[in-house]
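Every number for a ligand or one of its atoms is a count from 1 in the order of the listing.
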Amino acid sequence: MDRKRELASNLAAVRERIAAACSAASRDPSSVTLIAVTKTYPASDVALLIELGVVDIGENRDQEAAPKAAEVVGARWHFIGQLQRNKAKSVVTYAHMVHSVDSVALAHELGRQAVQRRQSSLDVLIQVSLDRESGRGGASPEDLQAIADELGTFELLKLRGLMAVAPLGEDPRAAFERLNRYSTMFRADYPDATVLSAGMSEDLDMAIACGATHVRIGSALLGKRSALR
Ligand SMILES: *Cc1c(COP(=O)(O)O)cnc(C)c1O
């Protein structure tokens, strides 16, 4: 099977899972944005996904995302990985949304670089840790407000909501229920922060049940990655 047909068939299966999860949760499927996570896969796959109607593309490393963003036209790039402060300068030049702001210092640097390098606003999410170990990144729930306030000092940064990764070794449902509560509390203070980025290939169904508005899907669309990334 050629690559485009393979991607089309994977895409149909993922869209079906999203529709089923939405139906089970009495949600409209149009309330869930599919982000194709293309890390480790070539720019040619990104171009094929765009032809198939998927324009929201996720990457987790600037070293890989920046050259792909320069090569492919028509994608909306979502930066979803842990972001080092010295990469903010590059990421603000191509990102449509940064999902992984997890400290006041990073919020500040992103704002500073956006002011210098962008005309249009940049959507940002704060990544919240769903476990105390935080091996998968993210801010503690107690720190959300301080980060949000720092983001708020930059007119170009638009705080759109929260992002999280389900912790390893825990039922993702329980973790996503926690995330849903954080999101509800957060929206009481920041009513425009309506985005909830949660759910990957393994757990997208549970994330949608718990209110995810953006799912980040890699292997179910593109195939299993060889490296653990
Ligand atoms: C790789 C990655 C994904 C996609 O994971 P899959 O299990 O391949 O769907 C989602 N979110 C983040 C932050 C990732 O790094």
Any nitrogen or oxygen of E202, main chain or side chain, under 3.5 Å from a nitrogen or oxygen of ligand 1?
no
So for ligand 1, is V37 a polar contact partner (N or O within less than 3.5 Å, distance only)?
no
Quick one: which of K87, R76, K68 gives a salt bridge (charged side-chain N to carboxylate O under 4.0 Å, His left out) with E59?
K68
Could you list which atoms of ligand 1 come closer than 4.0 Å to a heavy atom of [X]?
{"X": "I217", "value": "9 (O)"}
{"X": "R216", "value": "4 (C), 9 (O), 10 (C), 11 (N), 12 (C), 13 (C)"}
{"X": "M200", "value": "3 (C), 5 (O), 7 (O), 9 (O), 10 (C), 11 (N)"}
{"X": "S219", "value": "6 (P), 7 (O), 8 (O), 9 (O)"}

Ion pair check, D123 and K158, cut-off under 4.0 Å
no
Just by distance, do the side chain of R216 and the backbone of S197 share a donor-acceptor pair under 3.5 Å?
yes
Does S100 use its side chain to pair, donor to acceptor, with the backbone of Q127 at less than 3.5 Å?
no
Which class fits the ring pair H78 and H214: parallel under 30°, tilted 30 to 60°, perpendicular over 60°?
tilted
Closest heavy-atom approach to atom 13 (C) of ligand 1 among I80, L221, V215 is made by I80
Using a heavy-atom cut-off of under 4.0 Å, does the side chain or the backbone of K39 touch ligand 1, or both, or neither?
side chain
Would you check if the distance from the ring center of F79 to the ring center of H96 is below 6.0 Å?
no
Can we call the ring centroids of F186 and Y190 under 6.0 Å apart?
yes
Would you call R225 a ligand 1 contact, heavy-atom distance under 4.0 Å?
yes
